[in-house]
Structures are given as C-alpha cells and as structure tokens.
Amino acid sequence: MSNLLSSVIELGLINALTVLALFVSYRVLDICDLSTDGCFTLGGAVGAVVAISFGPCLSLLAAVGAGMLCGLVTSLLQTKLGVNSLLAGIAVNTALYSVNIAVMKGSALINLNKVTTVFSLTRQALINTPLAGCQTIIVALITVILAVAFLNFFLRTRLGLALRATGDNHQMVENSSIDPHRMKIIGLIISGGLTALSGCLLAQSQKSVNIDIGSGILTVALASLLIGRIFFPRGKLIVQLVGSVAGSLLFRFIYALALKLNMPAYMLKLVSSSIVLLAISLPYLQTQYPLFIRRLRQNRRA
Amino acid sequence: MLELRHITKIFNPHTVNEKIGINDLSLTVNDGEFITIIGSNGSGKSTLFNLIGGTLISDSGDIFLDGNNITLQKPCLRSRSIGRLFQDPMAGTAPDMTVAENLALAAKSGGWLKTISRSDRQFFRQKLSQLEMGLEDCLDQPVGLLSGGQRQALSLMMATVNPPRVLLLDEHTAALDPSSGAKVLEITEKIVTSQHLSCLMVTHNMADALKMGGRTIMLDRGKIIMDISGKERAQASVSSLVERFRSTSGKMLDDDELMLNN
C-alpha cells in the first residue's frame, strides 16, 4: 500500500505541473490549448536527449525552454496569424509529433536506464539520510512548490492581473491600454514551459521516454484541474493553486483505487475523459433539469 | 485637443447592405470641452466613438490627438490617452477580479512586476470614497458581485484614475435604474469638471444633453446636423431640440416619446 501511495504522490506531483500550466491557459486565459500533449512529450524528449549529452541539470532548463518555444509558436499562430485557438493547438500538436521524433533522432523511444537524471543525482545525495529512497517525491515536491510560489507571485503582479483580465474581459483589457494579444503570448509561454517541465520529470522518473508519453495528458490534467475546482471553488489565488495540485493528487488516487478494484490500466483515458465531461456538463444539467421537469409536466397537462 | 478631419466610414461597401456610418464628418474638441451628443438610432453616434477609440478604422479622413495622427493606431495604444465607458456596465470591468485588482490594472502605478501594496490600497480607498457608493469597503470583493451602478461608477473611476486626454461616454447610464443613473451622472459631472477633462457624452436624454457640458451636437446619417453652444444652447429647450431635429432631417426621432418624458 505504501508503495502504491508513493507512486500516487509521485505521479500526482509530476502531473500537477501540467495542471498548473492548464491553470494559466485554461482557467486564467480561458484558452483550451490542445498542443499540451505534444508539448509534454517535447519536454520529455528534449530533457532525455540533453540529459544524455549535457547532464541532468541542463536538461530541465532545456525542456522548459523548448516548452516555452512551443507556447510561443501556438500563441503567435493565434494572435498574429488569426488562427482559431483550438485549430492552432491541433496544428502545433500534430507538427510536434514529427518534431519530437526528430529530437529523439528518428527513434520513438529513448532509454534512460544508464543516464544520470535529476532523480538519480538526488538519490545519491540522499543515501544515508532518513529520506533515502524518496528522491522522486522530493524532486517533484520541490518543483511543484517552486511553480506554485512563482504563479502565486506572478499572477498578483500587474502583469499577472493583466493576464487574468484578458481571460475575464477582453474589451476591458484593451481599454486599459494593455495589448491582449501580448498577454496571451506571455501566458501560453509560461504554460508551455510548465507542461514541458512536467514531461521532462516524468520521462526521467520513468527512466525512458517514448513518443506517446504525453498522449491524453491534456484530458488527465483537465480532469485534475476540474476536480480541484470542485473542492476549492472560490477563494484566494493561493488556495486555487494548491487546490489544483490537490486535484492532481486526488485524480491519481482515484485512479489507483480503480486499478486496485481490477480496472484495467488501459481504461485511464476513458476515465479521465468521463471526469472532464461530467465536471463540465453537471453544472449545466443542474440548471436545465428543473426546466426539463416543468416542460414535462406542462406537456402532460396539455 | 481632439481633431477629426473629414472622417468617412461606410459599412459593407459595394453591397446591397451598404450603409453610411459616418459621412465626411469634421469635429474639433478643445481641451476641457464637455460635448453632449444626441441623435436617433443608427445616426452614427457609436460608430463615431468606435472610430475615435480605434475599434473601427475610418475609410478616409484623419484623427489627430494633440497634433499626433492616431487614425491607424491600435485601440490598446490609443486607450492610454482615451478613456471610454459603455452602456453595458459589464463592459468596463473584469467580473472575476476584485475591485482593488481592477483598479490596480487601470492605475498602472509602478512596473509590470509590482503587486498591490498597502499604499496602493489606501489610495484606492480614498479615490473610491469620492464616489460615495460604499465601494471603498468592497476592495476585496469580486466586481461581478457589485450592482450595475457600482460597476459603472467603478468603470468611471478606472477610466479617469489617470486623467485621459479625452473621455468617451457612450450612454453610460442608459442601462442603470433611474436613481443610480442619476448618481453616476452626478459623479461624472464632478470628475469631468474637477479634472478639467475633454469629454464626449452620447445620451438619449434630451434634458441631460442640454443640462450637462457646454456644447451639444446632433448627428443624423453620419453627419453633424446641429452644433450649439453658449447663448444659443442656453436658450434651447427639449421641445425646440426635437422640433429642430424634425425640420432638419424630415423624420421623427425614433424614440422622442421617451426623450420627452425625461
């Protein structure tokens, strides 16, 4: 059980970075960024290749940089070329499949078993301390705390406020002499960086990266974000950020429980899709249901 | 000084739906001048504001603000010197953000990476108390929870916290209930006079049009058909305005019934 729990926490924390990325793009900017899956894989691929050649520390930086570049491209398509935000995401995501294989030098899989990663580095540092063996949780936790702290500061600065207002009331932002296009670009760059970092950490903790590592991650992260929202619907920014991380952990916990109850592992994507759809449609159905009942009664009377 | 020179804007040109929005219109707004604008629906009032604000770009003609040609400037750049309020109280504020956060965006004090400080909050509180709408006690409330009148008063404060060169008011009290509308109008007059702002205000209320500001213009089919100020304006009455409109354009005001009632 403790093994199961620690893997829940590890995966939950690593995915939480993607959830935080979606917090910026989906919640704050109100953009559904469909390039998330490809960007996650890009982070894993770049992270792996750089870790092999230049060591683990640089690999994190390189992954974040690649993700930011990916966010930049998606946002430029949306703002400078007038491409619809969904279409821009789909196009970038498709293109990233080729880019990712190219990054992995033509192969669809890279093995990191014998490569020094941030986790193996931490593991050596932790030998003979009470925390020995917890390297994955520790590295992931530190990264998540840093990301939450960064977003909690950034989204309260004037730039962050401008970002939030862009998703909230586009017209008002323009009237406040802020360029909403520039805000979208900044937001998607940040969210791309976080997504790729998440992919990089997952690849290094699994000691391998394949071309499908990111497939479905958008839905999983969206489900986590929405679960977090159910439990922390309102409140201060920090509460919502921590709520998103908690949502990620909770999602992984529910999923692990389902696995324990003999749900086959391949059901993950069906489950996450269902959670996303339920979380979005339930509030809508709640408003529609009373009306439906009234219509039914009226028809029966007539 | 805001100067419009021979501005023309035609919608859907060369189609059956072609419609003249603004027709060779020239207008000079001097510093500190408060102009009220009246005209029936479709006379070009909102188009005029959209052209000045940059939401629309004119087909021909030039717009100068303090000598700079701003005809083609992006709206987000223009809004540094042009403040704007809309009829919809929801348009000027971000509903999910707090009153203080909305004001901080408008106030633009400090750099991009500065957060709201205690002195900022003090400043906001002092500014909001001038509105006398109890907003100074709602700094941390999401704006979405405020009433329409409060939201519009806040929008007005946001548009004027850094005094703009020109303030555009597009029927900004029309969607409010009569008492908060009157209140917002009163605040408007106070702010515009105390900051000595150049201001253009569209209204459907003839009495307000004559009472507020120092100059009144009437638009019809994209042209200025009446421009009164000083003595002539002081002697004008609501009924004379309506009469004048009829004689010039040869048709009834769409909603003069409503205007006469006010």
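So that the names make sense, note that chain A is the first sequence line, chain B the second, and so on, each numbered from 1.
Of the listed residues Ala106(B), Pro95(B), Ala107(B), Gly54(B), the one with more heavy-atom pairs under 4.5 angstrom with chain A than any other is Pro95(B). Of the listed residues (Arg158(A), His170(A), Gln171(A)), the one with the most heavy-atom contacts under 4.5 Å to chain B is Arg158(A). Ranked by heavy-atom pairs shorter than 4.5 Å toward chain B, the options Gly160(A), Gly167(A), Ser176(A) are led by Ser176(A). Your options are Arg78(B), Met90(B), Arg80(B), Lys108(B), and the one with the most heavy-atom pairs under 4.5 Å with chain A is Lys108(B). Among Asp168(A), Asn169(A), Thr166(A), the residue making the largest number of heavy-atom pairs under 4.5 Å with chain B is Asp168(A).
Side-chain contact of Asn69(B) with Thr71(B): a donor-acceptor pair under 3.5 Å is present, judged by distance alone. Under the 3.5 Å distance criterion, with hydrogens and angles disregarded, no donor-acceptor pair is assigned to the side chains of Thr47(B) and Asn50(B). Side chain to side chain, Thr93(B) and Arg151(B) meet the donor-acceptor criterion of an N or O pair below 3.5 Å.
Contacts of Lys74(B) with chain A are made by side-chain atoms alone, with heavy-atom separations under 4.5 Å and no backbone atom involved. Heavy atoms of Met158(B) lying under 4.5 Å from chain A belong exclusively to its side chain.
By the 6.0 Å contact criterion, CZ on Arg229(A) is open, its count of non-hydrogen atoms from other residues, nucleotides or ligands being 12 or less.
Nearest heavy-atom pair across Gly47(A) and Ser59(A) is O-CB, 3.2 Å.
The pair Arg121(B)-Asp140(B) meets the salt-bridge criterion, since a charged nitrogen lies less than 4.0 angstrom from a carboxylate oxygen.
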